[in-house]
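Here's the structure we're looking at; comments come further down.
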Amino acid sequence: METSKPTAHRRCVPGRAGLAGLAAALVVAACASTPTVSPNVATTFTVDVGHEDRDKAWQAEAFFPRALTVNVGDSITFTQATNEPHTVTFNPPSTFPDPFVEQPDHALQANPLVFQASPADGTSDLAAPVKRAVSFDGTGYVSSGFLGKPQDTFTVTFTSPGTWTAVCLFHAPTMKVTVIVNPRGTPRPMTEADYRAVAADQVRAAQARAADLLTSLRVPDPTTTSGGARSFVVWAGAGDALQGIDYERFIGGERLSIKAGDSVTFDLSRNRAKVLHTVTFPAGMELPGRFTQVTTADGGSGLTINPRVVMPSPASPAPFDGKSFTSSGLLVTGGATPQTWTVTFPLPGTFPYRCLLHDAEGMVGTVIVRP
C-alpha cells in the first residue's frame with residue numbers, strides 16, 4: 001500500500017522591490033502552499049472517542065468529528081479521549097445490548113458482546129493498553145470492545161465503498177459517527193486538518209451545552225427537622241442523553257459543610273438516562289477494584305462488577321462513624337435498585353467520598369462536619 005505523503009506545491013515569494021504592500025500580500029495569500037494528499041494515496045484520519053473535563057467532571061458522549069468522508073483504502077484511528085468507557089462498533093445488533101447482564105445470583109456480569117473485541121484478539125485484560133487494527137468491508141460485526149483508558153486506539157481500514165455508522169454500545173443510540181467511503185481515487189472533500197477543526201468546533205459546542213445544563217441544576221435548600229438537624233440534598237450525577245452530556249459529579253457536594261447530626265441524601269434523579277453510581281466513604285480503607293474475574297457457567301472466563309462495589313456497606317442503614325468503609329452500593333436510574341441514599345453524620349471530621357465507578361473521571365467530593 002502506498003504511504004500518505006503531502007503533495008509538494010510551489011511556494012510563492014513577495015514581488016520585487018516597489019511592489020505595493022497590499023499587492024504583495026494578495027500574491028502571497030493566493031500562492032501559499034497547503035499540504036494535500038493525492039486521492040490515490042491511502043491516508044489515515046483521526047476521530048476522538050468522547051471528551052471530558054475532569055475538573056468539572058462532565059463527559060461529552062459523542063465522536064469528534066461526527067461524520068467523515070474517506071476513500072477505499074483509507075483508515076480512521078479512533079482514539080479514546082476519556083476515562084469513561086466507550087466502544088466503536090459497526091453493524092451492531094438491532095437491539096442494543098445492555099453492558100451488564102444480571103446473573104441468577106444477582107451478580108452483574110460484563111456482557112462479552114460489549115466488552116470483547118470483534119474480531120476477537122484474545123485479550124481480556126481491561127488494564128492493558130488497547131492498540132487494535134482491523135479491516136472493514138461493510139459486512140459483519142466489527143467492534144473495538146472495551147475502550148477505557150485515554151489513548152486506547154482502534155484503527156479501521158475501509159475496503160469497500162458505502163455509508164457506514166458506528167455507535168458506542170455504552171451510550172447508544174445517540175453516540176454515533178457516520179463514515180462515507182468513496183471509491184479509491186475520488187477527490188476528498190476535507191483534509192485531516194479540516195476534520196480536526198470541525199472536531200474542535202463540536203467540542204466547544206458541547207462545552208456550551210454542558211455549561212447550560214449545569215446552570216439549570218439548582219440544589220434544594222436544606223430542610224430542618226423538629227430536633228434542629230438539617231437534611232441536605234446532593235445530585236449524584238446529572239445528564240441529558242439527547243444532547244450527549246453527562247455530569248459525573250456530586251453537584252452541590254464537592255465540598256459540603258454541615259454540622260454534626262445533619263444528614264445528606266444523594267439523589268440520582270437528575271440523570272435522564274440509565275446510569276450507575278455509588279456514593280462511597282473509604283474511611284482510609286483500600287478501594288475495591290471495579291471488576292473481578294470469574295469463571296462462567298460454561299467454564300470460560302468473565303468479568304463481573306466487584307460485589308464490594310455492588311452491595312451496600314453496611315448492609316443496613318447506619319450513621320457514618322468516620323472509621324468504617326461505608327458505601328451506598330450500586331445506585332441505578334430506571335431500575336429496581338435505589339436511586340437515593342441517605343447518610344447521617346453524628347461526628348465532626350473531614351470525610352472524602354467518591355463514586356467507585358467514576359472517580360477516575362472526577363466524581364469525588366468531601367463532607368466537612370463541624371461540631
Side-chain angles (χ1 to χ4, degrees), residues 59 61 83-89 91-118 120 123-127 141 143-148 167-175 236-239 241 246 248 266-280 287-317 325-343 354-361 363:
Q59 298 280 331
E61 317 294 13
N83 290 282
E84 173 74 3
H86 294 298
T87 76
V88 181
T89 305
N91 292 331
S94 56
T95 300
F96 295 117
D98 195 312
F100 300 98
V101 181
E102 187 171 359
Q103 301 302 296
D105 61 357
H106 303 296
L108 289 177
Q109 181 175 328
N111 190 336
L113 193 62
V114 176
F115 278 72
Q116 293 182 4
S118 181
T123 60
S124 60
D125 183 2
L126 298 185
Y141 177 74
S143 181
S144 65
F146 181 92
L147 302 175
V167 300
C168 168
L169 292 178
F170 287 99
H171 303 102
T174 55
M175 186 171 174
D246 278 326
E248 291 169 351
F266 297 89
D267 189 331
L268 271 70
S269 64
R270 292 303 180 269
N271 297 280
R272 300 185 186 178
K274 185 176 182 179
V275 299
L276 297 76
H277 292 306
T278 78
V279 184
T280 304
L287 294 173
R290 298 183 188 184
F291 298 100
T292 56
Q293 199 85 27
V294 297
T295 301
T296 58
D298 60 3
S301 179
L303 293 170
T304 63
I305 297 183
N306 192 328
R308 289 198 70 202
V309 174
V310 173
M311 301 304 296
S313 181
S316 300
F325 179 90
T326 300
S327 180
S328 64
L330 206 59
L331 305 174
V332 185
T333 59
T337 57
Q339 297 185 52
T340 63
W341 185 62
T342 300
V343 58
R354 62 189 58 224
C355 170
L356 291 175
L357 297 176
H358 300 106
D359 49 357
E361 290 91 317
M363 194 167 180

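Bear in mind the structure is a predicted one, so any value in this text is a computation, not a measurement.
The structure places CZ of Arg308 at 4.5 Å from CZ of Phe325, a figure rounded to the nearest 0.5 Å. Between Asp267 atom CG and Leu331 atom CG the span is 9.5 Å, to the nearest 0.5 Å. Note: Gln109 CD to Phe291 CZ = 11.5 Å, rounded to the nearest 0.5 Å. Between the OG atom of Ser118 and the CG atom of Leu113 there is a distance of 8.0 Å, given to the nearest 0.5 Å. Rounding to the nearest 0.5 angstrom, the gap separating the CD atom in Gln59 from the CD atom in Glu361 is 5.5 Å. How far CD of Gln293 is from OG1 of Thr304: 9.0 Å, rounded to the nearest 0.5 Å.
Considering all non-hydrogen atoms of both residues, Ala360 and Asn83 come closest at O-ND2, 3.6 Å. Looking at every heavy atom in both residues, Gly239 comes nearest to Asp246 through CA-OD1, 3.4 Å. Nearest approach of Cys168 to Pro85, heavy atoms of both residues: SG-O, 4.5 Å. The heavy-atom pair separating Thr87 from Ser143 by the smallest distance is CB-OG, 4.3 Å. Scanning both residues, Ala238 and Asn271, for their nearest heavy atoms gives N-OD1, 3.1 Å.
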>> Leu126 vs Phe115, test: side chain to side chain contact (heavy atoms under 4.5 Å, CB included). Steps then yes/no.
In response: CA-CA 9 Å; Leu126 298 185; Phe115 278 72; 4.2 Å; yes
> Can Leu147 and Val88 be said to form a side chain to side chain contact (heavy atoms under 4.5 Å, CB included), step by step?
Replying inline: CA-CA 8 Å; Leu147 302 175; Val88 181; 4.1 Å; yes
>> Applying side chain to side chain contact (heavy atoms under 4.5 Å, CB included) to Val114 and Phe170, what does each step give before you reach the verdict?
In response: CA-CA 8 Å; Val114 176; Phe170 287 99; 3.8 Å; yes
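Between His171 and Glu84, the side chains place a donor N or O and an acceptor N or O closer than 3.5 Å (distance only, hydrogens not considered).
Among residues two or more places apart in sequence or in another chain, the side-chain hydrogen bond (donor to acceptor under 3.5 Å, both in side chains) test is passed with Thr174 by none. For the salt bridge (charged side-chain N to carboxylate O under 4.0 Å, His left out) test, residues two or more places apart in sequence or in another chain that qualify with Arg272 are Asp240. Not counting sequence neighbours, Ser313 has no partner by the side-chain hydrogen bond (donor to acceptor under 3.5 Å, both in side chains) test. Residues satisfying the salt bridge (charged side-chain N to carboxylate O under 4.0 Å, His left out) criterion with Asp359, sequence neighbours excluded, are Arg290, Arg354. Partners of Ser144 according to the side-chain hydrogen bond (donor to acceptor under 3.5 Å, both in side chains) rule, which considers only residues two or more places apart in sequence or in another chain, do not exist here.
Between His358 and His277, the ring planes are perpendicular. Angles over 60° get that label, and only those under 30° would be called parallel.
At least one donor-acceptor pair closer than 3.5 Å links the side chain of Thr333 to the backbone N or O of Ala273.
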Could you tabulate the donor-acceptor pairs under 3.5 Å formed by side-chain atoms of residues 93-104, not counting sequence neighbours?
unit_1	atom_1	unit_2	atom_2	d
Asp98	OD1	Phe100	N	3.0
Asp98	OD2	Lys274	NZ	3.2
Glu102	OE2	His106	ND1	2.8
Gln103	NE2	Val101	O	3.1

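Counting heavy atoms from C-beta on, the side chains of Leu356 and Pro288 come closer than 4.5 Å. A 4.5 Å side-chain heavy-atom check between Thr280 and Thr326 finds every atom pair outside the cut-off. Looking only at side-chain heavy atoms (C-beta outward), Leu357 and Leu330 come within less than 4.5 Å of each other. Residues Tyr141 and Thr89 have side chains in contact (heavy-atom distance under 4.5 Å, counting atoms from C-beta outward). Using a 4.5 Å cut-off on side-chain heavy atoms (C-beta onward), Leu169 and Pro92 make contact. Contact of the Leu303 side chain with the Thr292 side chain is not registered, since no non-hydrogen atoms from C-beta on lie closer than 4.5 Å.
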